[in-house]
Peer 1: 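Got a structure for you, written out below as structure tokens; questions coming shortly.
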Amino acid sequence: RFSASATRKTELEEFNISVSYYFEYKDGTQNENNGNLSANQIWNLGPDNPWNIFAQGAWQYDATEGYISRVNAYGGGGYKAINNKDVTLNLKLGLGAQWEYRGNTAVRPQSLLEASNTWQISEGIKFTGNVSIANDVQAFEDYLASARAEIDISVAKIEGLSLNLGIRNVYNSNPSA
């Protein structure tokens with residue numbers, strides 16, 4: 001696995017962009033060959049206001065799935081249920097769309113429900129995670145659910161260099177053939 005990310009945070013906005021690539025070849029079989037590029041922008045409605053507006057999008061590539069490439073984009077509102085020095089929990093609700101190349105090529109409108117958190121456990125150790133579900137608004141039983149949890153442990157005096165351990169799971173209720 002290879003991954004990299006960059007974050008910019010001020011009192012009134014937060015921006016994150018990340019890229020990851022997974023490859024596994026075992027016993028002569030390619031089991032994983034996928035990548036993800038995602039961006040997330042949050043505009044806080046004031047320094048002490050828990051409400052925010054967000055825009056986020058992602059591009060996914062997967063040589064082992066029927067869709068090969070998938071693009072989605074969402075926008076909506078969020079609420080920071082917890083927002084202190086060490087812990088944040090942001091709840092999001094929004095609308096957007098998804099498009100697949102070599103899968104279901106129709107642009108499908110979707111709703112998004114997401115919870116994301118950050119916990120600065122101690123200096124140099126941080127836990128992040130999120131869970132989300134994106135439903136097709138025209139066929140609500142079709143959804144894409146994902147969960148991710150990661151722990152970052154600083155390994156050097158160079159700011160931003162860390163060891164990252166994590167787990168992710170993505171479930172598609174109606175995968176492309």
Side-chain angles (χ1 to χ4, degrees), residues 1-9 13-42 54-76 78 88 90 92 94-119 125-137 142-156 158-177:
R1 172 185 170 215
F2 165 80
S3 67
S5 66
T7 302
R8 179 179 174 272
K9 187 174 182 175
E13 67 177 309
E14 301 169 33
F15 176 76
N16 177 274
I17 188 165
S18 64
V19 61
S20 59
Y21 178 73
Y22 302 85
F23 185 82
E24 179 186 352
Y25 196 81
K26 184 177 178 181
D27 298 328
T29 303
Q30 179 181 317
N31 297 323
E32 292 282 340
N33 183 4
N34 62 70
N36 185 45
L37 172 66
S38 62
N40 187 16
Q41 173 71 47
I42 296 173
F54 75 91
Q56 67 187 53
W59 170 74
Q60 297 171 293
Y61 165 81
D62 198 326
T64 62
E65 296 289 337
Y67 63 83
I68 304 293
S69 191
R70 175 171 39 210
V71 177
N72 58 47
Y74 304 99
T88 62
N90 194 30
K92 297 178 184 176
L95 294 172
Q98 177 178 287
W99 175 81
E100 295 179 353
Y101 174 72
R102 286 195 185 160
N104 181 353
T105 58
V107 174
R108 293 180 293 169
Q110 293 185 320
S111 61
L112 175 73
L113 179 61
E114 180 177 296
S116 57
N117 78 312
T118 302
W119 175 26
I125 302 175
K126 179 172 73 171
F127 173 83
T128 59
N130 72 337
V131 293
S132 67
I133 186 165
N135 292 78
D136 186 324
V137 297
D142 291 347
Y143 62 91
L144 183 69
S146 66
R148 178 190 58 83
E150 295 180 347
I151 189 161
D152 288 314
I153 303 168
S154 296
V155 294
I158 301 170
E159 186 175 337
L161 182 61
S162 63
L163 172 66
N164 179 288
L165 304 170
I167 187 169
R168 72 178 179 132
N169 187 41
V170 177
Y171 175 77
N172 189 344
S173 69
N174 190 13
S176 297

Peer 1: Find out whether N130 and K92 are in side-chain contact, i.e. whether some heavy atom of one side chain is under 4.5 Å from a heavy atom of the other.
Peer 2: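 Side chain of N130 against side chain of K92, heavy atoms only: no contact under 4.5 Å found.
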
Peer 1: For a 4.5 angstrom cut-off between non-hydrogen side-chain atoms, does T128 reach R148?
Peer 2: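 With C-beta onward as the side chain, the pair touches.
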
Peer 1: How far does CD of Q110 sit from CD1 of I133, to the nearest 0.5 angstrom?
Peer 2: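 If we round to the nearest 0.5 Å, Q110:CD and I133:CD1 are 10.0 Å apart.
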
Peer 1: Do Y61 and I68 have side chains that get closer than 4.5 Å, going by heavy atoms?
Peer 2: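 A side-chain contact exists here, since the closest heavy-atom pair is under 4.5 Å.
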
Peer 1: Give me the atom names and distance for the closest heavy-atom approach of F54 to G78.
Peer 2: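 Reported closest heavy-atom pair: CD2-N, 4.4 Å.
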
Peer 1: Taking side chain to side chain donor-acceptor pair (under 3.5 Å) as the criterion, tell me which of N34, N33, N36 meets it with Y21.
Peer 2: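 Testing Y21 for a side chain to side chain donor-acceptor pair (under 3.5 Å) against N34, N33, N36 leaves exactly one candidate, N33.
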
Peer 1: How many angstroms lie between atom CG of L144 and atom CG of N72, to the nearest 0.5 angstrom?
Peer 2: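 One gets 7.5 Å once the value is rounded to the nearest 0.5 Å.
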
Peer 1: Measuring from atom CD of E14 to atom OG1 of T88, what distance do you get when rounded to the nearest 0.5 angstrom?
Peer 2: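 Between E14 CD and T88 OG1, I get 7.0 Å after rounding to 0.5 Å.
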
Peer 1: Could you give the distance from CZ (R8) to CD (Q41), rounded to the nearest 0.5 Å?
Peer 2: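 Result: 8.0 Å between the selected atoms.
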
Peer 1: Just to verify, what does Y171 make a ring-ring contact (aromatic ring centres under 6.0 Å, His included) with, not counting sequence neighbours?
Peer 2: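 ring-ring contact (aromatic ring centres under 6.0 Å, His included) check on Y171 returns Y143.
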
Peer 1: So, taking the atom named CD1 in I151 and the one named CH2 in W119, what distance separates them when rounded to the nearest 0.5 Å?
Peer 2: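 I151 atom CD1 to W119 atom CH2 measures 8.0 Å (nearest 0.5 Å).
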
Peer 1: Answer whether the closest heavy-atom distance between the side chains of L37 and I17 falls below 4.5 Å.
Peer 2: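 Side chain of L37 against side chain of I17, heavy atoms only: contact under 4.5 Å found.
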
Peer 1: Starting at CG of N16, measure out to OG1 of T7 and round the result to the nearest 0.5 Å.
Peer 2: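 Separation between the atoms: 4.0 Å.
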
Peer 1: Looking at every heavy atom in both F127 and G129, which two are closest together, and how far apart are they?
Peer 2: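 Smallest heavy-atom distance, with atoms named: CE2-N, 4.4 Å.
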
Peer 1: Identify the two heavy atoms, one from V137 and one from S111, that lie closest to each other, and give their separation to 0.1 Å.
Peer 2: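 Nearest pair, atom of V137 first, then S111: CG1-N, 3.6 Å.
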
